[in-house]
Amino acid sequence: MKNLQSVPLFENLSQEELGKILHYASTRSYQKNSVVINEGDDTDSLYIIDNGSVKVYLSDNSGKEVIINTLEAGDYFGELSVLTTGKRSASVITTSSSSFIVIYKRDFKELILGHPDIAYTLMENLATRVRNLTDNIKSLALEDVYGRVVKTLMNLSEPISTDSPDRRIIKKRLTQQEIANRVGSSREMVARILKDLTVGEYISQENRQIVINKKLPEHY
């Protein structure tokens, strides 16, 4: 990744400052379906996805999973590990062959102590990240399953054209179970919601991708 400015964590940093960050970084590569970190692992590094994709998830002893997020090139994870002590709060597995820019805690500490301007910008960007995560938690706590499904579909989709802003597409191919894991519901409930939205012609499937044809109803 030549331009770290595409990474939200490093927004508003100059090319010179980004060069200083790369000085402290190393790289790692993983094949598809490789576990990058396990929930409960000791924490010591920040990962920036150079290319590829991962899913962030929680699991219990029975093997049940809840997907917290899916991340692609330009996204990052493990930021808390370079700021605090403790165990990893979630597991991360690659969903395609992936490579990462990695900054270890000792190097991150040296970076921010030696460059306070960079440290301040990173703190601002991390605060934005925390605010977004808080909104996600609020959604899980206060919205019903339908509301969470709609929010997930909208967050994962992008406009097909500027002429029709309500028509959107989710380029990532999602199964009903993956959506259910994201919203904390059963696959059967998600299947029912998607079926009703399809019957109402709000959504459709094209090449196994979900297309949002028009604005989704606010209530089920």
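Since the model is a prediction, treat every value here as computed from it, not as a measurement.
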Carefully, step by step, assess Asn155 and Lys151 under the rule side chain to side chain contact (heavy atoms under 4.5 Å, CB included).
CA-CA 6 Å; Asn155 286 343; Lys151 188 168 186 177; 3.6 Å; yes

Could you go through Ile212 and Leu153, starting from their C-alpha distance and side-chain angles, then the distance that decides it, and tell me whether this counts as side chain to side chain contact (heavy atoms under 4.5 Å, CB included)?
CA-CA 8 Å; Ile212 299 173; Leu153 295 179; 4.2 Å; yes

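- Residues Tyr120 and Ile118 do not share a hydrophobic cluster, clusters being chains of Ile/Leu/Val/Met/Phe/Trp/Tyr side chains in contact below 4.5 Å.
- Once rounded to the nearest 0.5 Å, the distance linking NZ of Lys20 with CD of Glu16 reads 4.5 Å.
- At least one side-chain heavy atom of Leu156 sits under 4.5 Å from a side-chain heavy atom of Leu174.
- A distance of 9.0 Å separates OG of Ser98 from CD of Gln31, quoted to the nearest 0.5 Å.
- By the 30° and 60° cut-offs, the orientation of the rings of His115 relative to Tyr24 is perpendicular.
- Residues Leu13 and Leu122 are in side-chain contact: their nearest non-hydrogen atoms beyond the backbone lie under 4.5 Å apart.
- Looking only at distances, no side-chain donor or acceptor of Thr94 sits under 3.5 Å from a matching main-chain atom of Val54.
- Summarising the local packing, NZ of Lys195 is surrounded by 12 or fewer heavy atoms from other residues, nucleotides or ligands at distances under 6.0 Å.
- Note on Ile112 and Leu22: same hydrophobic cluster, where clusters join Ile, Leu, Val, Met, Phe, Trp and Tyr whose side-chain heavy atoms are under 4.5 Å apart, directly or indirectly.
- Ile49 places a side-chain heavy atom less than 4.5 Å from the side chain of Phe77.
- The local environment of CG in Asn207 is sparse, with at most 12 non-hydrogen atoms from other residues, nucleotides or ligands closer than 6.0 Å.
- A cation-pi arrangement is present between Lys55 and Tyr57, with the terminal nitrogen or guanidinium carbon under 6.0 Å from the aromatic centre and inside a 45° cone about the axis.
- A heavy-atom distance below 4.5 Å is not found between the side chains of Ile170 and Gln209.
- Heavy atoms of other residues, nucleotides or ligands lying less than 6.0 angstrom from NZ of Lys172 number more than 12.
- Side-chain atoms of Gln176 and Arg187 form a donor-acceptor pair, as typed in the model, at a separation below 3.5 Å.
- Taken from CD1 in Ile179 to CE in Met189, the straight-line distance is 13.5 Å, to the nearest 0.5 Å.
- Remark: Glu11 CD to Asn125 CG distance equals 6.0 Å, nearest 0.5 Å.
- A heavy-atom distance below 4.5 Å is not found between the side chains of Val35 and Val92.
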Given the rule in the side chain to side chain contact (heavy atoms under 4.5 Å, CB included) test, do Ile193 and Val145 qualify, once you have shown the distances and angles that lead to the verdict?
CA-CA 9 Å; Ile193 291 171; Val145 174; 3.9 Å; yes

For ring-ring contact (aromatic ring centres under 6.0 Å, His included), just list the numbers for Phe100 and Tyr30, CA-CA rounded to whole Å, side-chain angles, deciding distance to a tenth of an Å, and then say yes or no.
CA-CA 8 Å; Phe100 304 91; Tyr30 295 84; 5.6 Å; yes

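- Tested against Lys87 for a salt bridge (charged side-chain N to carboxylate O under 4.0 Å, His left out), the candidates Asp41, Asp42, Asp44 yield a single pass: Asp42.
- Salt bridge absent: Glu158 and Arg168 never bring a charged side-chain N and a carboxylate O closer than 4.0 Å.
- Put simply, the side chain of Val211 reaches to within 4.5 Å of the side chain of Arg167, judged on heavy atoms.
- Between Arg182 and Thr70, the side chains place a donor N or O and an acceptor N or O closer than 3.5 Å (distance only, hydrogens not considered).
- With rounding to the nearest 0.5 Å, the separation of OH in Tyr76 from CG in Leu71 is 10.0 Å.
- Residues Ile21 and Ile103 have side chains in contact (heavy-atom distance under 4.5 Å, counting atoms from C-beta outward).
- Ile67 and Leu194 end up in different hydrophobic clusters when Ile, Leu, Val, Met, Phe, Trp and Tyr side chains are linked at under 4.5 Å.
- Between Pro217 and Val150 the shortest heavy-atom distance is O-CG2, 4.3 Å.
- Tyr146 places no side-chain N or O within donor-acceptor distance of the main-chain N or O of Glu218, the cut-off being under 3.5 Å.
- The main-chain N or O of Ser53 is found under 3.5 Å from a side-chain atom of Ser96 such that the two form a donor-acceptor pair.
- A salt bridge does not link Lys171 with Glu206: none of the charged nitrogens is closer than 4.0 Å to a carboxylate oxygen.
- When side chains are defined from C-beta on, Ile210 counts as touching Gln205, because their heavy atoms get closer than 4.5 Å.
- Note: Ile37 CD1 to Arg88 CZ = 4.0 Å, rounded to the nearest 0.5 Å.
- In this model, a donor atom of one side chain and an acceptor atom of the other lie less than 3.5 Å apart for Ser99 and Asn51.
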Please evaluate residues Leu126 and Glu79 with respect to the criterion side chain to side chain contact (heavy atoms under 4.5 Å, CB included), reporting the C-alpha separation (whole Å), side-chain torsions for both, the decisive distance (0.1 Å), and the verdict.
CA-CA 8 Å; Leu126 283 171; Glu79 65 275 13; 3.6 Å; yes

